[in-house]
Amino acid sequence: MKWQDYLKCALVVTITATACKKLPEKKDYLSNNANFNKKDVYEPVLGRTMLELTQFSPDGSTYPMVFSIENARDLGSGKPAAELFTPLKVKEWQRDYTGLEKSLDEIEAKRVWVNAPFLEIRKGSGDFIFRSAPSSMIKTYPDSGYAFDVKIMNKGNARIIRDFKLRPLKEVPYEPYEYDKYTRQRRQESRQHPNGPGYQVPYTIHPNFMQNLIYAKDSLMRDTLVSVYFNKTSESGHSLTFKFLDENLKPMNPALFNNTKWDQLVHGFNRKQTDSSVVYDVAYPIPLTGLTTPYASNGMANCQFGYSRKGYGGNRVDAYFGLSFAIYEPGDWSITFYFRRNPIFNDD
Amino acid sequence: MKLYIQVLLLLFFIRTAVVAQDKTIPVKGRVSSSVDRSALPGVSVLLHTPGAKPKAIGVTDANGEFNIRVAADARLELRFISFEPLLISVNNRATINISLKPSSTSLKESVVVGYQKRTKETVTGSVTRITAKEIQDVPVSNIEQLMQGRVAGLNIQQTTGAPGFRGSASIRGLSQVMVKGGGSDAYLTPQSPLYVIDGVPVDANAGYEYGFQSNGPGTSPLSLIPPEDIETIDVMKDAEATSLYGSRGANGVIVITTRRGQSAVPVIRYAGNMFINFPPSLRNTIGGKSERDYRIGMIMNTLNEDEINRISKTPFLADSLNPFFNNSTNWQDIYYQVTYNQTHNVSVSGGDQKLNYKTNVNFYNERGVIKNTGFDRYSLNQNINFNPNPRLQVSGYLAAGLGKKLKGSGNGLTDVGAGKNYTSSLLPGPSYFNNVGHFTGAMMNKNDTRTYNIRTYLNIMYELLPHIQLSTNTSYDYTADQEDTFTPALANSEMPKVYGFTGRTNNLYNRTAINYNRIFNGKHTILGAVFSEATIAQGQTKVLNLQNAPNDYYHGPLGFSTYYSGVTGIPAAGGFSEIHTVALAANFSYDYDKKYVINLNYRMDGNSYSGVKERWAKNPSIGVRYNFNKEKILENLEWLDFGDLRFSYGINLRPSTNIYASLGWYDVVGNYNGVTRISPHLGQMPNPSLKPEKVEQYNYGFDMSVFKGRIGITFDAYTKTVYNMLYTRDLPTSTGFATTTTNDASLYNYGYEGSITFRPFKTREDFSWSISLNAAINRDVLLSLPGGATQMLSDDGSMINRVGYGALSNYLYVTQGVYRTDADVPVDPITGYRYSNGKNGYYKAGDVKFLDVDGNYVTDGTDRQVAGSPISRITGGFNSFLTYKGFSLNFNGTILFQRKVVNSALYERMVNLRSPYDEGTLVNLGDLNYWTQPGDVSRYPNPYDYKSKADAYRELQTLFQEDGSYIKINAITVGYSAKRKWISRYHMNALRFYTTVTNPFMFTGYTGPNPEAVTELGRDRLDSYPIARTLSFGLNVEF
């Protein structure tokens, strides 16, 4: 080749090369301001499985993202906290609970036993899952608890958000609960003397609402005149008993509450009604999910009892009282309503 | 062989020597086209004398005949545009009949680049030409439609079928990525190429740079140019070709040249068309009893007492026995119509090299397929060229046009009445006052909308010294837009409305140049030019909008009623503008024996509307070309006609087109102490450092023609990078301003364009067939976004700009089918809830299955994903020309692949369907594959469950995103040219009949009516104006 040809070749190569452009990396956006709205302190109550919506605010970051828990440690000693990730045998939903199930088996068929750790982060969304774990395994308040970091990744980016605090609380078997969740001391409730100063008494559970119950001709029953007691008689059963005691601690016949829809009282089956109690086979926890059903709303089961009588002047008086409650541990439970004054069931 | 020729030549010379010198003989002759035997008027006859340039000695007349006196041994050359020049010897003949072959190679054509005529051999940029022949047979209101599918890399989409409106046009992919507005109204910052009509730059976008909400007539200046008057269209794609057109050429330049006189005998041409517009297939709907049954069935299905009771409170549903509501109105039939239209064009041209002229008169009348819409064009164009002596050339031009438009009730571009607000077929109701407002609005609006345009130029060229030319070109362009609309009381809440719009834009333009042009030693050609350019463009628009006029019969003059009456004046932003620009440009071109060519260009633009600190935009460019067929080893190859390699590089700077972005504006903001306050406008913060956008392009080209033009190939590869792209940023409220415009984004386009012309058979006198195909592949990559962001969402979050990816994508919920049964819905193992759409919207059988990107069993904003791009990756077209004797069959088409369209229209109609009490038009569910019972596998979710909170029919989901690819036949023409023998009896030169069908077929998988009639952002609006199918009958006569 002549020198002109070399020149031509060189020219062609240079010209072609000049237009090559380094394209930016194909990567997602992960904002530096992406963060969790809550970092300390997570205080899950042990003994129940719950989902803590962390409200991760992505600040425009690209999904899908992968969240993972890193460096979980004991806040006191600084040692890795392996117990948070020890597999536990817990129940998980396989099908959705609707509240329309017709038998215990139908409910149980929707749940399966799985092995899963106490603490988990939902991979895609960053929500925390706390599974039912015993306080014998997990350190609880007043211990300083645990700390961990969360790693966020999307395509081409990774960030670690540090120092989430976790300080679980000991089990609360049922709610409402007579004891303080933290101190485990008996809670106090306020009362007031008629026309007098207020005073404190130890807390007992009362019905949430009470309507038209009277204990004397002109005395409406107040909720403080009824105390409710939760009692677990065995760890292994799956029943729930309702009992009613009069002011003399004598059992009352549930049939007195003649306006009660016994079949819709709780999502239970095989109702056995005697002169002193009503027993259901139930699945625990109660309620099973946070779904609004005929038996539950806002995460609490609602039971309502009532009776009807002819009131003063021949009016029909429908009396009702009810309780919102939750029971988290399986077993044979009873709920006892103790009437400190005998309600009047007779017609006027 | 060589010897033989030498001997022949020798003989020839001997003979000439013998047959007396200086003796001239009269020579008569006739020149015709070898294809159809038609006479060619205006063919230049040049006399060749050894050692001198060929001298023009005559032209053919209207019958293609010439009559000259030359020496008996003279050699003549016949030259005519788009025919191969022919050299013949007189040989003492008194009569010579000659037929010219159409030029099969496109190389010798001259194109206009940088305001200069160049032979294509020396053009280094990427330029494609469309000739008059290709666009002659289709009557259109806007010539842009005719360019569709003709040029690789020029993507023209007829986004609207409204007569007189423009679709979208872009060259080589995206130039802008900023999306403004939301929903179907979202639009891309305009990126139209610059049009230069007979040397005068024209802004084709005039009238509607503000998205869909434009004021006034919105008639593009392109609609005022009669297609019959166009000689050539040159499309320039790369930076080198466009650099001399300055900053406005950054998006590419399209140069339109109108016809000129070229015949000594006046030629009168008539072209007429009668054409019929047929409404295309519309969206299916249902009516009458089936509609009522459908609505009531849906309500009864809810088993909800409140809903069922509502039936009796909704007269048009309940009152089925009332004959007034017992309707089955076919609204489509009322809105749409078949129209009969016509266009006539007469041109008179004549003259010779010294003085030639052309006058073209055009009338175009089209009624749209939607009633009360249409477009009329009246235009008169004249040009005159005068060369009193070889050194002076004066040409002048005057074009006057009037475009009259009927806009119906919409803004014309979209037609609100006919599309969006189709009403239930059970209406109208029983009384005059129960009328359907949008219908009344569409039909009874009195609309008089017109655009006047006067364009004129004067071009003087003077050869001061040999090789040095001075030229100056001054043009003035004045456009006046007027609109008067009267809306009767019935259509406007019992208040007659008067809307008046006046706007004007005028543009004074001057270009003055010195050209130097010389050939040294017959091999070194130098061409140099320096020119200056100055523009003053002014515009002002005014709107008068009066509500509550006295009555329907009194349209003015109007006073002012204080009751519910309002008058709006000049729009706040955009009502007034005045722009001054100056530019200085130089170019230098050198070629060695037409083998090596180099072009250097430089241009500086100063604009009054660019940022005060960045006044000047500088556009340098370079181009080289290597015609390898002139290499010695290739020179003698018989099969190679020509071949070349091209390279160009250039930068175009595009100043901010928004004067307010750089300078801000003042507002009148009430009174203080009795004094009117004027303060800076606080919405948009001016950015005085606003830099011009910088468009850098590389272009690699390759052209080749082989086997005597049987196969021609052009291939271009390019990269186009836009730096400093304007992007509107939101500002913190603490600044007192809402937004500012900055130069923070950049975009990269790369792609390939190829076109191939193919003649399957050897062109014979009575038979020729050529097929050409072109295609362009373009890929865009966003390089950066403001503030280092890697992604940004559009105003309504439906579009996303992502760095490193294609610049524009839909950002949608991903639909993965429909739940067949309740058991198909996933359950959150922790909470025991079904997958839901937020609170209580638990999915069930028949709901749509959205991809749960974050895995939290709730469909929320984080589940949206980049879904597909509305920007087409592959565009192209095809043409075929077949002639056999007098008959011709031509067709052309457009191809578009890899583009996603969001069927917003279906979504909007599904919303209607799911509101049984509202009066909207319904989808014919029979067309959809939807879920009816557990176990059904379907594409669409259960439409009946209108009370569901699952929001299964939301718009922003991939369910409504469809593939918008299509192959479209633009037009098919069958023509017949009458035999000359026959027509010459009637003193005609040419006579041609033809019939054309436009938009006959479209091959597409898209389920809507037309994947082309969608917005630039791929939204199929319910109110889009459908593109008509047209059948036309045409007649061309030439005297």
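The chains referred to below are lettered A, B, ... by the order of the sequence lines, with proteins before strands, and numbering in each begins at 1.
A distance of 8.0 Å separates CE in A:Met65 from OG1 in B:Thr862, rounded to the nearest 0.5 Å. In this structure, CG in B:Asn856 is found 12.5 Å from CZ in A:Phe56, a value given to the nearest 0.5 Å. The distance from atom CZ of B:Arg834 to atom CG of A:Leu291, rounded to the nearest 0.5 Å, is 8.5 Å. The structure places OH of B:Tyr833 at 11.0 Å from OH of A:Tyr97, a figure rounded to the nearest 0.5 Å. The distance from atom CE of B:Met792 to atom OH of A:Tyr29, rounded to the nearest 0.5 Å, is 8.0 Å. Of the inter-residue distances, the one linking B:Ile830 atom CD1 with A:Glu52 atom CD reads 13.0 Å to the nearest 0.5 angstrom.
Ranked by heavy-atom pairs under 4.5 Å with chain A, the first of B:Asp860, B:Val803, B:Val827 is B:Val827. When each of B:Asp852, B:Val858, B:Thr831, B:Leu793 is checked for heavy-atom pairs under 4.5 Å with chain A, B:Thr831 comes out on top. Considering only heavy-atom pairs separated by less than 4.5 Å from chain A, the leading option among B:Pro829, B:Ser784, B:Gly861, B:Gly855 is B:Pro829. For the set A:Leu288, A:Asp127, A:Thr62, A:Thr49, the entry with the most heavy-atom pairs within less than 4.5 Å of chain B is A:Thr62.
B:Tyr842 touches chain A through its side chain: at least one heavy atom from C-beta onward sits under 4.5 Å away, while N, CA, C and O do not. When heavy atoms are compared at a cutoff of 4.5 Å, B:Ile800 does not approach chain A at all.
The backbone N or O of A:Tyr63 lies less than 3.5 Å from a partner atom in the side chain of B:Gln865, making a donor-acceptor pair. Here the side chain of B:Gln791 pairs a donor or acceptor atom with the backbone of A:Gly60 at under 3.5 angstrom.
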CA sep, side-chain torsions, deciding dist, call: B:Tyr805, A:Asp28, side chain to side chain contact (heavy atoms under 4.5 Å, CB included): CA-CA 10 Å; B:Tyr805 294 86; A:Asp28 286 348; 4.1 Å; yes
Side chain to side chain contact (heavy atoms under 4.5 Å, CB included) assessment of A:Arg122 paired with B:Tyr857: CA-CA 11 Å; A:Arg122 211 155 236 185; B:Tyr857 297 92; 3.6 Å; yes
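Around atom NZ of A:Lys123, no more than 12 heavy atoms belonging to other residues, nucleotides or ligands sit under 6.0 Å away.
Ion pairing of A:Asp96 with B:Lys844 is absent here, as no side-chain N (NZ or NE/NH1/NH2) approaches a carboxylate O to less than 4.0 Å.
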